[in-house]
Enquirer: 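My structure is below; once you've seen it, I'll send some questions.
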Amino acid sequence: MHRAKIAILGTGYVGTANAVGFAELGYDVIGFDTDARRIAGLRLGIPPYREEGLGEPLARHLRNGRLTFVTDLAAAVEDAAFIIIAVGTPSRPDGSADLSHLDAAVESLRQIATDRPKIVVLRSTVPAGTSDRIAAQLPAHYQLLFCPEFLREGSAVWDFLHPDSTIVGAESDHAAGAYAGLVRSLNAPVMVTGRRDAELIKGGANAFLALKISFANEIANLCGTLNADALNVLQGIGADRRIGEAYLEPGIGFGGPCFEKDVQSLEHVARNSGSPSHLLQATLRVNDAQPRKVVDILEEELGDLRGAHIGVWGLAFKAGTDDLRSSLALRILDDLHARGATATAYDPAIESAELPGRTSIARSAMEAAHADALLVLTEWPEFCDVDPSVLAARLRRRIVVDGRNVLDGERFARCGLRYRGVGRSAVPDSDGAAAVGA
Ligand code: UDX
């Protein structure tokens, strides 16, 4: 039987992971982007972003010819039975989704359409109702599906190959069946719904995960006030299988290009539809306030931040990526600057970046630690391997504020450092005792 060909429009995180993922499933895939530099890099096997597990299959499928990359849209879609749209849908200042890239892609598709039928699969995250609008703009012999993705940066190809489920938003059984067939070898349960339901499944799933994080942060802040240990409390809460332990890690709040944007977009849709969501608004408010909490802790410890120099470990919005989009570390650097402190930052994935408050970038964790105090903002595993006695010799005021709760506070305290986490007691405490929490 003839193998289905797949064209992918957009080579960002979602598009590239889909391109490599479908090639891994054995399909011939053509990736398209208007960004000629990115396509030139991809043709050479250079991933457009840092991603564990992407470089090797990308190179392999370029060599075996399953993957090609082009800047010519007509060439990309000519023989494709499926056209996957994975262009960016960023936030506008009012929280609504900016669909201009999507509209441009659909208009280009319309202009070059031939009379061969195609299945178009929208995988960009969009507000409810968008797919129906797009479907009406496509030629009548094109069928549109909305199939959300649940990929996390840093593990996107693995996530593509191991989904918990495949959601197919369809208005036609034929197109739904064809897509279900395409991903059969993933062995994940397939749920076919209407397109609008599928759009709300994606928005609702991201919003619920974000809500869990904001909940964890509120509970952690309460633990901090009441002298309880947030890690114990949240582990205990998450042990109930009805709740689950995932996405209950307190810290500096959720960052990255998806959660904030998607919650804002759903909140905007809810408000405009006449049923505003108090929970979504609260999720965003808690997240806006959380980065300030770690700077408050630092200020509590140092007394005054004016004139202080802070070492910062971590800039990326999470470990495993070099992505600075909506990274709360940037907001924290802004806040440090506003409160009169200067900073030097180190992130193993970031060599250069324009940072708020003229923050300089160090080439190692220890170089950044020539400071009054240390602030940990990304949970890179290498930070846990640092020898606290070497750190103690560098840090002038010997204060470590761990915005991700990843370091071993008691070990740090034994080396003469004062350790503060999020929602945890200080170690050593004011009486000099070294236990974390009660
Ligand atoms: C997210 C969704 O997980 C994914 O399904 C969707 O397709 C895209 O958005 P991603 O943004 O890559 O993925 O990262 P994720 O690992 O979900 O983390 C998002 C943010 O939440 C990060 O800043 C992370 O540090 C933070 N987070 C996550 C917490 O603060 N606590 C947690 O318990 C989990």
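Just follow the structure's listing: the first ligand is 1, and inside any ligand the first atom is 1. Index from 1, following the sequence.
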Enquirer: I would like to know whether N405 and E249 meet side chain to side chain contact (heavy atoms under 4.5 Å, CB included); could you show each step before the answer?
Expert: CA-CA 9 Å; N405 289 334; E249 277 164 32; over 6 Å; no
Enquirer: Supply the atom-to-atom distance E260 CD to E267 CD, rounded to the nearest 0.5 angstrom.
Expert: 12.0 Å
Enquirer: Under a strict 4.0 Å criterion on non-hydrogen atoms, which protein residues are in contact with ligand 1?
Expert: E149, F150, L151, R152, E153, K202, N206, I213, Y247, L248, E249, G253, F254, G255, C258, F259, F317, K318, R404
Enquirer: Check the pair I310, L302 against side chain to side chain contact (heavy atoms under 4.5 Å, CB included), reporting the backbone distance first and the verdict last.
Expert: CA-CA 10 Å; I310 310 301; L302 286 172; 3.8 Å; yes
Enquirer: OG of S124 to CZ of F146: how many Å apart, nearest 0.5 Å?
Expert: 8.0 Å
Enquirer: To the nearest 0.5 angstrom, please state how far the CG atom of L315 sits from the CD1 atom of I350.
Expert: 5.0 Å
Enquirer: Is there a donor in the side chain of T344 and an acceptor in the side chain of H309, or the other way round, less than 3.5 Å apart?
Expert: yes
